[in-house]
Structure formats: C-alpha cells, structure tokens
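Order of the sequence lines fixes the chain letters, A, B, ..., with proteins taken first and strands second; residue numbering starts at 1 for each chain.
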There are 2 protein chains.
Amino acid sequence: MGESSRRASRSLPARIAEEVETRISSGQWPPGSRLPSEPALAEEFDVSRATVRSALRSLAAAGVVRTRHGNGTFVSEHGGAIRASLQSLRSTSGLIRAQGHEFEIVYGTRRLRAATEAEASHLRRSSLPAVLEYERAFVGGTSALAYESGVLAADLLPAGTDPGALTGSIFEFLEPLGALPDQSVTHVRSTYDPGLAWGRGAPEVPLYLTLEQVQFLPDGTAVSWSTTHFVQDHFDFTLIRSA
Amino acid sequence: MGESSRRASRSLPARIAEEVETRISSGQWPPGSRLPSEPALAEEFDVSRATVRSALRSLAAAGVVRTRHGNGTFVSEHGGAIRASLQSLRSTSGLIRAQGHEFEIVYGTRRLRAATEAEASHLRRSSLPAVLEYERAFVGGTSALAYESGVLAADLLPAGTDPGALTGSIFEFLEPLGALPDQSVTHVRSTYDPGLAWGRGAPEVPLYLTLEQVQFLPDGTAVSWSTTHFVQDHFDFTLIRSA
DNA sequence: AAGTGGTCTAGACCACTGA
DNA sequence: CAGTGGTCTAGACCACTTT
C-alpha cells in the first residue's frame, strides 16, 4: 500500500528493477539462477504483481533477465556486455563512457550561422534562421575514439548565446536551458574515409561505425542533428531483441 | 488441444496496435495528428485502458506514435523509415525484405562438421559434438546485398539431417523443427575487406555494416551464431530511442 | 476546471512447465 | 498436480497541459 506520501521521483518499477539489478551484479543472484517468483517479489517489495512485472519487463528488454513461461525468470548468462547497448543510446559522451573509455573532448569548429535547407528539414522546421554548428573529437590517451559534427537548432538557445560556451558534453550544455532531448531517431551505417580524421591520434585504419542522429524534446521539437563516427575496434555495440 | 477458438492467438494489445497502425498508414490519422484519448480508444475497442496503453506503449517504442503527458498521443512525423528498424531484427531474409529489396539466396558451403571451441562457447554449450556450417549470399538483381556465414547447433537437428535441405531462409528451415529463436544478442561493427565477397555481383567498394548475432530459443538454448555483412549503401538501418 | 496521459492496485483467469 | 509466468479488467489517484 501507498502508506504516506513519500516523494518518489523515479517510478516504483524503475526502483525495483534497479534493486534486482544490484542483487544480480553483486553476485547474490548469479547468471543462470532463477529469481524468486513474481508473487514472492511483489510481497517482498510490498507492491502489486503488475509493478513487479513492469520491472522485470524492462530488465528482459535490456537483456539482463530472461523469462520462461511456466518455469521462472532467470538471470541472463550474457549480462556483462549489455551496458553499452545501442538501445540505451543517449549522449555520445555517455555512450563512450559506457564502453569504459577515459576521454577528453576536443572542439574544432563552433559557430552560429544560417541554416541550410537540409538542416531545417532534418530539424523539422519549416523555417529556421540559424544553427549552432560544431565539430569535435573524442580522444582517449593518444588515440582518437570518435569524431562528431552536428548542428543545434538556434531557436532553442537564448539570444546572444556564445558558441564558445560549448565545451564539454552537449547534454551539459542543453540541460540548464531546459532543452534535454528524450527521444531520438538514429541511422546506422559504416564509413571508410581517410580524410575524416583531424587533430591528434588519427586511427591507422579509417574505418568507422557511423551513427547519424536527430534528437527531440518531449514536446516533439527537434533539437539537434549530428553525425558521429566511432573508430572501429574501440567499441563493441550491442543490440538485444526479445520477441 | 484444439478447442473452440485457437484463432485469437495474438494478444489484445498486439491486435489493437495493428489496427491503430493501419489507420495511421491509411492516412485516416495523418502524421502530427492527435489520436483519440486512451479512454475513448478503450471504449471503442471494448477493452480496459491498460490494454490500450500496452498497445500504445509498443507503438511508441517503435517510433510510430509519441505520447505527451497531459496533452495527448500523436502520430510521429517520421513513421516511414521505421519499418526496417534494427530493433525488430529477426531473420536476415526478413531484414533485407523490409528494406524493399527483391533478392535470391545463393548458398556456398553447407556441411556438418565438428564444432570448434569458439563455436561451442558462443553457443553456450559445455560440449557440442557438431554444427551445421553454412555460407550464403543475398543477391538482388546483378549485385550482392549481403554475405552471411554461420553455424547451427547440430544437437537441435534431427539425426541424419541433410545439410543440403538448407535452401531458403533459415527461419523456414528451423520452423518445422520447433526450433524458432525468440531472442537474440547482436554485436554491430563495420567491415572493410576486399576478400570477403564471393559469387556474382561483388560490390565495388568492400564496405559493410556487420551484425554478429547469437539466437536463442524460448528455453534459453542457443541455436545459431552467425555473422552478416550488409553491403553499404543498400541499407538504411534505423534505431528509435524513447526515454 | 477539465481533460489528458502516468502510475499503481487487487484480483481474476489462462497457458505453460515440471514433478 | 501445483506453481510459474502471461493476459486482462476495473478502478483509484497523481501529474501535467490547456482552456
């Protein structure tokens, strides 16, 4: 039961999923083992079975557990490589960090300029006066990890924004503006281009996994259009599919 | 088994999602428009609101619709490119067909042989006597679309299976054996290899998007380990992310 | 204030698995 | 057979957006 009003910023299923995941990664519930039944979990966490099922559903979609009808819910044998799943793609910085890389962001171009028609179209604007164009490299140690170029819709930025204020992650740049994307559409392809690298640490083989991404605000406005080239062999991107 | 109605095998939410999608693609509910409210849909389809929400949740995950708290549910502006989403990845044949290609499957190698240690490991077997190894190309018109090589765990095949019986899609090969996978783990990378193509229609530029995939049965058994190289520029793979 | 989607509950019944 | 997950309902209340 709800008891009194406890401020719960995150949802009940999310918190239960986290607790289950903690027990799994702590080794309390090792890979291959069977979880307590749904009614048992519901009783332990003092929630309804529907809430437990919602938590387990998200864990199954993430590949952490596996349910078998009439049999039980089991910890996946391959929970390790799941962290950097493409499905959980948010920011480029987050994606690279999830792969276990230490890195530094080096910016090239940063400037406000008029938008092209292609940019207005990708950003779903009938008319768009300006964009903030940027170019940056993610460098880990002495070798480049990824190159990214993109544009931010300038109509979402306060008038007189200094492009030079874009120094770290774009996430951190947008957050104080209340312009955090919550949805994205990504196209995946491969790229082989010796002319793409710049700055220090260019890869020996110019082979990349390329993600082209448009990000959207909760109200459906497009925020950014970016293309990120991930240097091959530095990343292992995973996709999980459950029927 | 066989009772009165074995017909309604698909779930209520799945059928409602399909009906909603039909109305969207028919133009009855055009991109950007607002759907009827959840209570209204629940009444029309004569189901509970929870069932409607389940249907809308799957459509939102697929990028077909977009929900806005306190405002409504809207048809996405980018519903077109969603069909061949990587999230709905099932069979290679299905994935290529979803991209709108006509193709023919040309088999190279097909044989039963002892499994290597790496294969047993990828197929999660402590011991595995044999695998069915295959190699095939997907050819559309005069140009190759994709190359795939892989192994099927032979312990799932009837004794004395003829490897030559593998002619079309692997899906169709496995289905009568009751060995249809319902989960997969996929690794995504890019490949540049002039020596990879074979047969007719080899691409001019040997650049591929590569999906390495392990597929699992509902009971958790691994069925196959395969690597598919999709010729760049013939495919547009999409990923949708919703917070 | 009214209407929307978001969350959660309690319970019913079905379908499958394994002993 | 008992126990498991799978499906669905009816309803309550919350949080958000628009009028």
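Here the side chains of B/V188 and A/L209 are in contact, with some heavy-atom distance below 4.5 Å. By the 4.5 Å heavy-atom criterion applied to side chains, B/T238 and A/T186 are not counted as neighbours. Proximity of B/D182 to B/L217: side-chain heavy atoms (C-beta onward) are nowhere separated by under 4.5 Å.
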- B/I96/B/F230 under side chain to side chain contact (heavy atoms under 4.5 Å, CB included): CA gap, chis, key distance, verdict: CA-CA 9 Å; B/I96 296 180; B/F230 296 89; 4.0 Å; yes
- Derivation and outcome, side chain to side chain donor-acceptor pair (under 3.5 Å), residues B/R241 and A/Q183: CA-CA 5 Å; B/R241 180 189 64 82; A/Q183 193 190 48; over 6 Å; no
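Of the residues B/L59, B/V75, B/V52, B/T73, the one that meets the side chain to side chain contact (heavy atoms under 4.5 Å, CB included) test with B/V20 is B/L59.
To the nearest angstrom, C1' of C/dC16 lies 14 Å from CG of B/D182. If you take CZ of A/F74 and P of D/dT4, they are 11 Å apart, rounded to a whole angstrom. A/R49 places its CZ atom 15 Å from the C1' atom of C/dC8, with the value rounded to the nearest Å. B/E38 places its CD atom 16 Å from the P atom of D/dA10, with the value rounded to the nearest Å. The distance from atom CZ of B/R53 to atom C1' of C/dT4 is 11 Å, rounded to the nearest whole Å. When rounded to the nearest whole Å, the span between CZ of B/R15 and P of D/dT7 equals 12 Å. Straight-line distance from the CZ atom of A/F45 to the C1' atom of C/dT9: 17 Å, rounded to whole Å. Atom-to-atom, CD of B/E43 to P of D/dA10 comes out at 12 Å; the value is rounded to the nearest Å.
Each of D/dT9, D/dC13, C/dT9 was ranked by its minimum atom distance to the side chain of A/V47; first place goes to C/dT9.
Toward the 5′ end of DNA chain D lies the nearest nucleotide of A/L56, the other residue of the pair A/A50 and A/L56 mapping further downstream.
In this structure, A/R68 is positioned above the aromatic face of A/F74, its NZ or CZ under 6.0 Å from the six-membered ring centre and within 45° of the axis.
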Table please: side-chain donor-acceptor pairs of residues 166-174 of chain A below 3.5 Å, with sequence neighbours left out.
unit_1, atom_1, unit_2, atom_2, d
A/S169, OG, A/E172, N, 3.0

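At C/dG6, one or more side-chain N or O atoms of B/T67 fall inside 4.0 Å of OP1 or OP2 (strictly under the cut-off). Put simply, B/S48 has no side-chain N or O that comes within less than 4.0 Å of OP1 or OP2 on D/dG11. At C/dT9, one or more side-chain N or O atoms of A/T51 fall inside 4.0 Å of OP1 or OP2 (strictly under the cut-off).
Defined by atom type and a distance below 3.5 Å, a donor-acceptor pair is present between the side-chain atoms of B/E212 and B/W225.
The line from CZ of B/R57 to OG of A/S54 is 7.0 Å long, rounded to the nearest 0.5 Å.
When the C1' atoms of four end pairs are superposed on the next four at each end of the helix from C/dA1-D/dT18 to C/dG18-D/dC1, using five pairs per end, the two resulting axes differ in direction by 10°, to 10°.
Heavy atoms of B/T73 sit under 4.0 angstrom from primed sugar atoms or phosphate atoms, though from no base atom.
With hydrogens and angles left out, the side chain of B/R57 and the base of C/dG5 share no donor-acceptor pair within 3.5 Å.
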Just the atom pairs and distances: protein N or O near nucleotides 17-19 of chain D's N or O, under 3.5 Å.
unit_1, atom_1, unit_2, atom_2, d
D/dT17, O4', B/G70, O, 3.4

